[in-house]
Structures are given as structure tokens and as C-alpha cells.
Protein chains: 2
Amino acid sequence: MATIKDVATLAGVSVGTVSRVLAKNDTVKPKLLAKVEAAVKELRYKPNAAARALRKNKPDIVGLIVPDITNPFFSQLAKHVEMAAAAKGLSVMLANTHDDPQYEKQQIETLLDRSPLGILIVSASEDQAENLDTDIPIVAIDRTYADYPSIATDHEESAELAARHLLELGHKRIGYAAGPQGTQVARSRESGFLSGLKKASKEFNIVPEINILRGAFDFESGEELGRIFLGGSEADRPTAIATASDQQAIGILRTARDLRIDVPGALTIVGFDDTPLAALVTPRITTIKQSISKMANAAIDAIMQSGDKATDIRYPGQLIIRGSSGPVPGRQK
Amino acid sequence: MATIKDVATLAGVSVGTVSRVLAKNDTVKPKLLAKVEAAVKELRYKPNAAARALRKNKPDIVGLIVPDITNPFFSQLAKHVEMAAAAKGLSVMLANTHDDPQYEKQQIETLLDRSPLGILIVSASEDQAENLDTDIPIVAIDRTYADYPSIATDHEESAELAARHLLELGHKRIGYAAGPQGTQVARSRESGFLSGLKKASKEFNIVPEINILRGAFDFESGEELGRIFLGGSEADRPTAIATASDQQAIGILRTARDLRIDVPGALTIVGFDDTPLAALVTPRITTIKQSISKMANAAIDAIMQSGDKATDIRYPGQLIIRGSSGPVPGRQK
DNA sequence: CTGAAAGCGCTAACAA
DNA sequence: TTGTTAGCGCTTTCAG
């Protein structure tokens, strides 16, 4: 590979001059400028990123750590992070933790070794995590991570939206499929749902019977919980189930279909996340949408500000009403 | 940030010695080694990646360029690439092209500027692309890219599997939802399906009537094509439709459901890719599975060999039979 | 406006 | 076994 020296020699100028034209420093005479540009072209010269980084000591990559890029929510996040980063001239380094705190630690270390501008993390270890021994700014997305600033949807408030929606539709026997209790995000959604129920209870004059079941965020867990929720007689089982994730919701939908329970006729289902999947199944799932692009942009901004003011940011979720939710059976439309 | 010099000073040794212990060079006396390690710890010393890269001139990142990380197939690919890379001590840089050849070019350029070990690309521009002006090894995955070696599923042969499956089930009126003709991969799958039909035609003694419709790979396109395929009378419309992607298959499934056409009772649907989605919908979709992890590993290997022997690799696809395919209506099970 | 030269932090000879 | 030192390719003073 050609170096800046080669270019300088070929153009008959000094390396300083070449560097100047590369930096678009306008203090170079047109004549020399042309010569240099010609030389650059001829030698197919590409400045060496490592040398530049070393000299300027200003990294232009950000690390993104997610539990599993295969999860639609995270892949959307990755996409938006990449876009937000690209808009600022940053590149993103991707790492998966496979939901393993041990592996997560390792991934963070190797990422840190690359001395990035900062690290964005959707943690698998959440609050058990300890603060890192580094000056590189770290910001948590979607969940918390140790004491680092976190940017997320207001899970509590968002889950309230779902609760309110169900009561508004007249549902009384309500199920809630919660996420793993080890995660802050699952706990927030659950408590938010409960408090939402309480608040809306007065407004709609309904005292709901609530049944909470807990599992993982994934599809299989949804199926499983669904079987428990829907195993009872028609008079016993919930007429509406809210969940902590779209995957759970879809799992429950499957179970409902297996049991020949009509959705939304006999059962209303509400998801969380608004993953693309939610709009693909039949019926399309009513869910809570998170502002992924806003979070991504805020995260990049936070990193670029070197995380000077380490403030948490919360974005409201948005209720997206689709085909999977309807009025309680027996009530006129 | 502390430098190697600081460590050397604190430990009372030379930078060379520090460098040696960092390199795990065993020619350092235990006494000094201990001192150095203590100093490293105390100063929280982290070697500077840029300086190291500059000096060694051996990059340890690979670039991965995909049209859209949000596409389940690509996110799975990204996951496996990341894993394969991590196993070799490499990190991966992610870039999306949003299916835009213009943007793709740009992404490649910025990636190239980071002088990675190599670049893995699932191209959006495919064969229209020109070879790049660089020595950095590039390998195409899933599709071709200019003249670079490509690692992919044998789309032709895999599509034949689908064709054979349909004929084996006794289907005669067959639809094929092809992908965009601008992509090699879509063309291969289509021609493979056709030739598979021809081959199996003798074996099963069926002369199929084939109807080909073309669209994008996505879900919406599937719905649209589905409406055309299934718009005719029951006697006219196909009893089986194979597709170029799972998304198309799911789109068609949706249409079928809207039209109250039973799957697989009245219509068999076969997808392609075996994305997680395929197993989530009802009924689960029969599809062709690609060996993503094998491709990812082969790609990383190819990059690490500096692409000396630029050979294409093709992996066979695998027919995954699930609920969306059944015998032609009227035939006994 | 341009050239010369001093490093950025690190590794790898080469000496000692 | 350890210290010294010459760069890796680039940017950026500082002179001129």
C-alpha cells in the first residue's frame, strides 16, 4: 500500500503538503494541490486509519453490544444505531453476548481494547453488573447497566398504556405474561401494567381479576404460558392477556389457535415492542411501540458528549392498536 | 490514559520489557514480570489499539456489509459471522446498505478506510458491481459480488428440492413466486426450481402447469403475488406455490387466510431460507434451510487466507418439511 | 504558502 | 535476560 511519503515524492512536495490537501486545508496553492491529487489517484493512495487514529487520538468507532442480534428488536436497534453513527461519521463494531454475563464481560473487554469512542450496551447482566475500569463512555440502551446512564423506553408508563387499553375494552379477567424477574425491564413492565390497571380501574369502573405468569421473553415461553393461561374452562380463563414481549404474544396466539380460541373474538392479546413480526401474524398484534430510532440517536449523542452529564433518558411508548385486541366477549361492538 | 512508558517508569523497567510481558514473551524474569504486572494493574493500563495496529500492520477486524440487518436471514448471518470471527480473535464491523448500490459503495469505502483484514459482503448491487481498487480481500456471501469469490447456498440445487417436494406430493398446478430479476440469487432459485420440476416430472409422471410471478423478496410482495395467484377460481388456481423467500411465503399465507383458502388442505406453500419466522406462523412453513453457520465460517476462513485461492463455495440447502405443505387436494393421505 | 521535523504508543531488532 | 532505539504512517507545530 502506498504511503503519504510515496505520494509526496511522486508529487514532488513534502508530506506536510500532502497531509494538508488530505485535510482539505485550503492554504495549498492550486498548482500543488492538483499535483498532489494526481499523485493520490495514480498511487490509489488511502490514508492509513491506524496511523491517523494514533496521531489524532480520536477514535471514530462505537461498540454495540447486544444479547442476540437475531432478536428483531435488537436488530432494529442495531440498524438505527448504525445509521445514527454513520450520520456522524462513526462506524459500529458489533458484538453478541448470547445472554451470557460471562461472555458479555469478555466482549466488553475486547471492545474496550479497541479504544472506541464509546460503547452502547443492551446488557444481559443488568444490575448485577459492576462498573468498568475505564474512561471510555458507556451507555446502556433499553435496559440499565451498572451505574451507567441508560436510554430506554419508559417501560412502566408504556405498560400502563396496555393496561388501560384492556380496561377500556371492558376486559375484567386479565392475564399478564411477565418477563424474567432477573431483568429490570421485565419488572418495570410488570409493575407498570399493574399500576396502570389500578389507575384505569376507577376510570372504567372495573375491578379486574389479574393473573400473572412469568417466563422468558421468547416465543416458546409464550406458548407455554399460553397453555397455562388458557387451560381452564371458558368461564375461568382470561379474556385478555398482555405480555412483556411480542414474541410471548405470538406464542400465546399460537396456543390460542391450537385450542381453537378465537382472537380477538374470545381472547384479546397485547404484545410489547412492535417488532416487525407483530404485524405479520394473523391477526396482527396490538402492541407497544418503542421509539428505537430516537433511542439510537440519543445514545450516539450521549457517547459523543463523552457522557459528561450522565443522565438517564426515557422515551414514552406508543400503543399500536391492531387486530389482536377487541372488546370483551359479550359486549356489543 | 496511561501509556507503556508510564508502566515502564512505574515498574522501573524499560518499555521493551513491558512490551515483552504484554506479548507473553516468556523470556522475562519472574521478578520483573511481577513488577510490570503490578504497574499495569495500578495504572489500569490498556495497550493502545491504534498504535499496535500501526506497528504490526495486521488488522484484526473484518467488515460485514449487509443490505439490512433487520432481515432475519442477515441477522442470523451476522450472528454467525460474529461468532466465527470471535473464535479467531477478530471483531466485526457492521454496515447496512439499505439495498442501495450507491450507499453500498460508500459503506465499502469507509470500511476500506479502516483497513480491515477483509470484507464480507452480501451485495445489493450484485453483478453490476465493479471490482474494487484495493488489496484487501473481499468475499461475497449468499450472492455474488463483482468477480470476488462467493460463498453461498447452491440456490439452484436447493430450489430443485422444493420442486421435487411438490411433485412428490402430487401437485400439478404449481405457482412460483420469484424474487427480483435483478439479483443473481433470485434468478438461480427460479431456474433451479424450473429445472427441478423438469427432472422430477419424469420420476413422478406428472407434467406440471407452472405459473411464475415475480416480485421483491419481502412480505408485502408475497401478499401481492398471493392475491394474483389465488384470485382465480378454485379449478384454476395453483394447489401449490413455492417461493424465493420465507417472507414471500408468509405473505402468501396471509392472503390465503384472507381468502379462506386452507393451508395445507387446499394450498401448499413452500418458502426459502428457514428464517425463524417460518416456524412461528401457523401453519409452520415448509422451507429450504441454508447452512448459515457453515457459510459464516467459510467466509472468515477465506478472509484469513487472504483470499489467495479465490474459489467459490456452494453449500447444499436442506428441505425442511413442516405444516404448510401437504398432498394435492383430492389425493388420499 | 510550504518544508522540515517532532512525535502519537507501540513492537522488534540490535546491543549489552 | 534486559535496555535502547528505530521506525510504523500520519498530523501538526515551527520556521522560513
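Everything numeric here is computed off the predicted structure, so don't read it as measured data. Every chain is numbered from 1 and lettered A, B, ... according to where its sequence line falls, protein lines coming before strand lines.
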Next on the checklist: Protein within reach of the bases, or only the backbone? For nucleotides 9-16 of chain D, mark each nucleotide 5' to 3' as B, S or -, using heavy atoms under 4.0 Å.
Outcome noted: BBBBB---
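- In B:Glu109, the CD atom is crowded: over 12 heavy atoms of neighbouring residues, nucleotides or ligands sit closer than 6.0 Å.
- Between chain A and DNA chain C, the heavy-atom contact criterion of under 4.0 Å yields a 5' to 3' nucleotide range of C:dC1 to C:dG9.
- Taking the charged nitrogens against the carboxylate oxygens, B:Lys88 and B:Asp301 do have a contact shorter than 4.0 Å, which makes a salt bridge.
- Residues from residues 28-39 of chain B that place a heavy atom under 4.0 Å from any atom of DNA chain D, listed by number: B:Val28, B:Lys29, B:Leu32.
- Side-chain polar atoms of A:Gln107 and A:Asn96 form no donor-acceptor pair below 3.5 angstrom.
- When only modelled atom types and interatomic distance are considered, B:Arg114 and A:Ser91 share a side-chain donor-acceptor pair under 3.5 Å.
- A:His98 has its side chain out of reach of A:Asp68: every pair of non-hydrogen atoms, C-beta onward, lies at least 4.5 Å apart.
- Of all heavy-atom pairs spanning B:Ala2 and B:Tyr45, the tightest one is O-CD1, 3.4 Å.
- Comparing the start and finish of the helix from C:dC1-D:dG16 to C:dA16-D:dT1, five pairs each, the helix axis swings through 40°, to the nearest 10 degrees.
- In terms of the side-chain hydrogen bond (donor to acceptor under 3.5 Å, both in side chains) criterion, residue partners of A:Glu104 (sequence neighbours excluded) are, by chain and number, A:Ser123, A:Ser125.
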Could you tabulate the donor-acceptor pairs under 3.5 Å formed by side-chain atoms of residues 10-22 of chain A, not counting sequence neighbours?
residue, atom, partner, partner atom, Å
A:Ser14, OG, A:Gly16, N, 3.4
A:Ser14, OG, A:Thr17, N, 3.4
A:Ser14, OG, A:Thr17, OG1, 3.3

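- The shortest side-chain heavy-atom distance between B:Thr97 and B:Lys105 does not fall under the 4.5 Å cut-off.
- Side chain of A:Arg143 to main chain of A:Val185: no donor-acceptor pair is present (N/O by atom type, distance under 3.5 Å, no hydrogens or angles).
- Without hydrogens or angle criteria, A:Arg314 side chain to A:Ser150 main chain gives a donor-acceptor distance under 3.5 Å.
- B:Ser291 places no side-chain N or O within donor-acceptor distance of the main-chain N or O of B:Lys294, the cut-off being under 3.5 Å.
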